[in-house]
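Since the structure comes first, as structure tokens, the remarks are kept for the end.
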Amino acid sequence: MKAIFPGSFNPFTRGHQSIADRSLKLFDELLIAVGYNEQKPGSAAAVQERVEAIRRLYAGNPAVEVASYSVLTADFAREQGAEVIVRGVRDTSDFEYERNMADVNRMISGVETIILPSLPELAAVSSSTVRELQHFGCDVSRFMPESPKDSPKNQ
């Protein structure tokens, strides 16, 4: 079964990596889909840089595909043959938002959503927090993905 893990991934954090790695234990194939809104500021080049960074991270894993998209997630999931959307949640407000999106995606496309809670030690890690820390010159390496050879086996 193929699943899609969509997000802006700006940047792709250890929290995202954990959700992706745990999804690989549940599904045969995982498409990590880097979404962007063509109507919002931000360059296509920046999106492609994120795609390439995630591809490098999963380079040795044939079960992982990485692509960008700019359409409705449910439409992209169907186009790519994904049967499930995977979403990670850090807290109850994330859950409420994702549950509502799951309901809408199911109504418009029939695609189901699986919601995985963040590991407790990663629940505080968000892309926006990492971006803000980077802006102020902080070392964010502890929040960024580990290479596959360095990552813990039980994520």
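We count residues from 1, following the sequence as given.
Although no hydrogens or angles enter the test, the distance criterion places a donor-acceptor pair under 3.5 Å between the side chain of Arg22 and the main chain of Pro117. Side-chain atoms of Ser127 come within 3.5 Å of backbone atoms of Pro11 as a donor-acceptor pair (strictly under, hydrogens ignored). Between the Ser23 side chain and the Ile19 main chain, a donor and an acceptor come within less than 3.5 Å of each other.
Scanning for side-chain hydrogen bond (donor to acceptor under 3.5 Å, both in side chains) contacts around Asp28 gives an empty result, with sequence neighbours left out. Applying the side-chain hydrogen bond (donor to acceptor under 3.5 Å, both in side chains) criterion to Ser8, with sequence neighbours excluded, gives no partner residue. Remark: Thr73 engages Pro6, Tyr69, Ile85 in a side chain to side chain contact (heavy atoms under 4.5 Å, CB included) (not counting sequence neighbours). With sequence neighbours excluded, the residues satisfying side chain to side chain contact (heavy atoms under 4.5 Å, CB included) with Ala74 are Asn105, Ile108, Ser109. Residues passing the ring pair (Phe, Tyr, Trp, His ring centres under 6.0 Å) test with Phe5 are Phe9, sequence neighbours excluded. Applying the salt bridge (charged side-chain N to carboxylate O under 4.0 Å, His left out) rule to Glu98 yields the partners Arg87; only residues at least two apart in sequence or on another chain are considered. Checked against salt bridge (charged side-chain N to carboxylate O under 4.0 Å, His left out), Glu49 has no partners two or more places apart in sequence or in another chain. With sequence neighbours left out, Ser70 forms a side-chain hydrogen bond (donor to acceptor under 3.5 Å, both in side chains) with Glu38.
Residue pairs meeting the salt bridge (charged side-chain N to carboxylate O under 4.0 Å, His left out) criterion with at least one member in residues 118-133, sequence neighbours excluded, do not occur. Applying the ring pair (Phe, Tyr, Trp, His ring centres under 6.0 Å) rule to pairs touching residues 93-122 yields nothing, sequence neighbours excluded. Legend: side-chain hydrogen bond (donor to acceptor under 3.5 Å, both in side chains) pairs involving residues 74-85, not counting sequence neighbours, sorted by first then second residue: Asp75-Arg78. Here salt bridge (charged side-chain N to carboxylate O under 4.0 Å, His left out) pairs that include residues 101-117, with residues two or more places apart or in two chains, are Asp103-Arg106, Arg106-Glu112.
When side chains are defined from C-beta on, Tyr36 does not count as touching Asn10, because their heavy atoms never get closer than 4.5 Å. Side-chain contact check for Glu29 versus Met1: every heavy-atom pair is 4.5 Å or farther apart.
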